[in-house]
Undergrad: 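Take a look at the following structure, please.
Since the structure is predicted, the reported quantities are computational estimates derived from the model, not experimental observations.
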Amino acid sequence: MKYFGMPLGMWALFSKSYRKNLDIFNIDEKEGKVVTKSSKKMYKDIIKKIPDFEKKDRFKMNIVSCSMFIAFLLNIKNKPSLDDVIKWYNQSMNILQKIFTDYYERIIYELHPRQAIVENVDKMIHCGNSSYGGALFGCEECGHLKFVPFRCKSRFCPSCGNKYSIDRTTAMSFKIVNVSHRHCVFTIDDEFLQKLYDEADRRIFGNVRNFGSRTVLVEGAGYEKIWLETQPMGGEMFYKRDNSGASLNNQLLFMENRRSDGRLPGSIKLEDGHIVPEFNKLQGFCFPAPALNMYRLIGEDREYLNLLGSVLEGFDAWLWRERDSDNDGCLESFCVYDTGEDRAVRYKDAPDYWTESYPPTQYEAVPMASSDIMSWSFSARETLSRISAIEGREDKSREWLHKAMQVRSRLEEYLWNEERKALFDRNKDHGMQNTLTHATLKAMYWGSISRDKAMAFVKKHLLNTDEFWTAMPIPAVAVSDPDFRNIPENNWSGQCEALIYQRAVRAFENYGLESLIPQIGKKLFKTIGCNMSFVQQFDPFTMEPSLNESSGGQPTYGPAILSVLEYMSRMYGIHREGRQLYWGLSQGPGYEYIQVLNDTEYSLC
């Protein structure tokens, strides 16, 4: 906390009263000035060590008051008795009672405060007034009597509120775990946005689960597993407000449960108290960049970094051994759930799952040359290049980057349609598909295409109001495409998906398109905030959330919740990527954003 605002005001208001009443301890005026000077220095030091509070925190004044009280008390050489301390404190704080008493009528008739405020002011003014009653204590042995007037017990009262604060602090000290805490606080002078943020922040913790002895963040809304396409990314986003270890476990569980041949599980479930990795689909790969950023966030643990490097190298090798069945240099999808595009029309009769080690042969579209899976290899190799650079192995870093660029070259050569300015997968007969999907935006998330091609797609398609820039932007398939289906359930052939918005943040940032983030964010806030519908899909034309049983029938879908929180952090707050810190500078209503990461506090207001 900084020494301005309330701390400075409290000192200006009460320090003279504290000094004046030091005569209770037989301290004269000259010595009182010395005590006050040293107390002010100590008071400033104490204030610096206190973490910042939210703007409306009801305990802030009490804790600041307690800091000043302690600073004075510790600078009195001859320690006084408890009775004298109580007398000194009560007399010193009476200044507040005097102020409110003198200006009581003006407060009532000019300011017209709420009744609750009037009641607390009345209590404070009459606190310790013997005419309002008290308790009489007597000693049975000597017969000494002592009358103690009743206190008001209002937190607004500087005397009673201070005692309440001390009692609460003591009680909380027995509950708080002795670990490095992270938290994120956002307050804004916009009732709609404040309510949306608070609800999102509350609901995301509802998706924390115990997987045996491990805590994880599940996808939510009925999806009780952790999926490779969502939860490592979601865990990294959750880290800024998580103290449970779920964020890190969302990375580690996939790494720890990889197969001996290098393959990562597509999903992990808890069954009869046991963690069960599932290898019946690949299920996306939003993993390398978030997992590497976690290395920075958790304090640069080299053991974690070594494990991550080993996992990425093993998985990349597995992809090239097992998913290029025709040896044409392009990796393939074998089933619908490999790329997580549930019920997508373009997959035709492909199976949802594929458990065999050999490729499918009896289906129309698969094995499908996939821009997604090629992008996974690029992302794994590019991240391995970064890891090698961190380790100081510059030659190895250049080698991995060269391998990543080889994947990009083949991806663009084989799956980029220069005339249509977009990526298109190829069916098993090598014919290029015609369905205009958001696959190019996904490639931008992994950074697997050149800037020129990314900007060409954005200009021609993404910002086209007849294709992707609809009322609710970025449907899974362009609304003008014959394969578009506006189906209000889990279907990747049409409606806007919360997962698309979650991935779009990194996609835009990878290519310097940060200006699109607030444009998407405002639409997202409006659509979700009206009814707090954190769901999986949204109608691209009406912007209505699609709440249905296939998504658990519950408005608690993790990617939607985290999207709201992430877009707010980019627009109004702070986020950290690697060793870089980024600040949002949106204009509009006043706001304050505080982010604490591993004992370091960042504040924007």
Side-chain angles (χ1 to χ4, degrees), residues 219 225-237 250-259 261-268 277-294 307-324 330-342 344 353-354 367-387 400 403-404 407-408 410-411 415 423 425 437-449 492 497 499-500 502-507 510 559:
E219 195 166 334
K225 303 176 185 178
I226 55 174
W227 273 266
L228 189 57
E229 69 175 342
T230 59
Q231 295 321 101
M233 173 175 55
E236 181 241 0
M237 292 176 174
N250 275 33
Q251 325 295 325
L252 290 176
L253 282 176
F254 285 100
M255 294 194 276
E256 293 168 358
N257 286 281
R258 70 192 187 280
R259 282 194 329 206
D261 62 358
R263 179 174 176 175
L264 288 167
S267 58
I268 300 174
E278 297 181 311
F279 297 94
N280 52 2
K281 74 280 185 187
L282 295 180
Q283 195 68 43
F285 189 56
C286 298
F287 175 70
L292 180 59
N293 200 39
M294 281 296 297
L307 175 62
L308 176 60
S310 173
V311 167
L312 291 177
E313 186 171 355
F315 185 64
D316 182 67
W318 180 88
L319 285 174
W320 286 102
R321 283 198 311 270
E322 303 293 335
R323 287 307 181 97
D324 184 18
C330 191
L331 298 171
E332 301 158 337
S333 170
F334 286 178
C335 65
V336 176
Y337 292 167
D338 270 352
T339 56
E341 297 173 72
D342 303 21
Y353 301 99
W354 190 256
M368 180 189 297
S370 170
S371 61
D372 275 23
I373 302 180
M374 286 291 283
S375 296
W376 302 352
S377 177
F378 174 89
S379 181
R381 293 179 176 193
E382 194 270 342
T383 303
L384 283 165
S385 174
R386 292 175 182 267
I387 291 173
W400 277 118
K403 289 181 177 180
V407 175
R408 172 183 284 183
R410 180 55 177 162
L411 168 66
L415 300 180
L423 289 168
D425 290 353
T437 72
H438 73 294
T440 311
L441 182 63
K442 286 195 284 183
M444 290 167 63
Y445 169 83
W446 288 296
S448 59
I449 59 173
W492 282 78
E497 300 276 347
L499 180 54
I500 293 176
Q502 190 179 12
R503 285 191 289 229
V505 175
R506 186 176 292 274
N510 282 343

Undergrad: Can you name the salt bridge (charged side-chain N to carboxylate O under 4.0 Å, His left out) partners of Glu278, sequence neighbours left out?
TA: Lys225, Lys269, Lys281

Undergrad: Looking at Ala289 and Thr383, what are the two nearest heavy atoms and their distance?
TA: N-OG1, 4.2 Å

Undergrad: So which pairs with a foot in residues 437-447 pass side-chain hydrogen bond (donor to acceptor under 3.5 Å, both in side chains), sequence neighbours left out?
TA: Asp372-Lys442

Undergrad: Flag this pair as yes if the NZ/CZ of Arg259 is under 6.0 angstrom from the six-membered ring centre of Phe279 and inside a 45 degree cone about the axis; otherwise no.
TA: yes

Undergrad: Would you check if Glu219 and Ile226 make a side-chain contact, meaning some heavy-atom pair closer than 4.5 Å?
TA: no

Undergrad: Under the 3.5 angstrom rule, does the side chain of Asn257 hit a backbone N or O of Leu253 as a donor-acceptor pair?
TA: yes

Undergrad: What pair of heavy atoms forms the shortest contact from Glu236 to Met294, and how long is it?
TA: CA-SD, 3.8 Å

Undergrad: Would you tell me whether Ser370 and Ser333 have side-chain atoms, one donor and one acceptor, within less than 3.5 Å of each other?
TA: no

Undergrad: Looking at Gln231, is its backbone amide N or carbonyl O close enough to the side chain of Asn250 to form a donor-acceptor pair, meaning the two atoms are under 3.5 Å apart?
TA: yes

Undergrad: Can a donor-acceptor pair be found, under 3.5 Å and without considering hydrogens, that links the side chain of Arg408 to the backbone of Ser448?
TA: yes

Undergrad: Please indicate whether Arg410 has more than 12 foreign heavy atoms, meaning atoms of other residues, nucleotides or ligands, lying under 6.0 Å from its CZ.
TA: yes

Undergrad: Check the pair Asp425 / Thr339 against side-chain contact (heavy atoms from CB on, under 4.5 Å), numbers first and verdict last.
TA: CA-CA 12 Å; Asp425 290 353; Thr339 56; 5.9 Å; no

Undergrad: Can a donor-acceptor pair be found, under 3.5 Å and without considering hydrogens, that links the side chain of Asp338 to the backbone of Gln283?
TA: no

Undergrad: In terms of ring plane angle, is the pair Trp318 and Phe315 parallel, tilted or perpendicular, where the classes change at 30° and 60°?
TA: parallel

Undergrad: In the structure I gave you, are the side-chain heavy atoms of Met374 and Cys330 within less than 4.5 Å of one another anywhere?
TA: yes

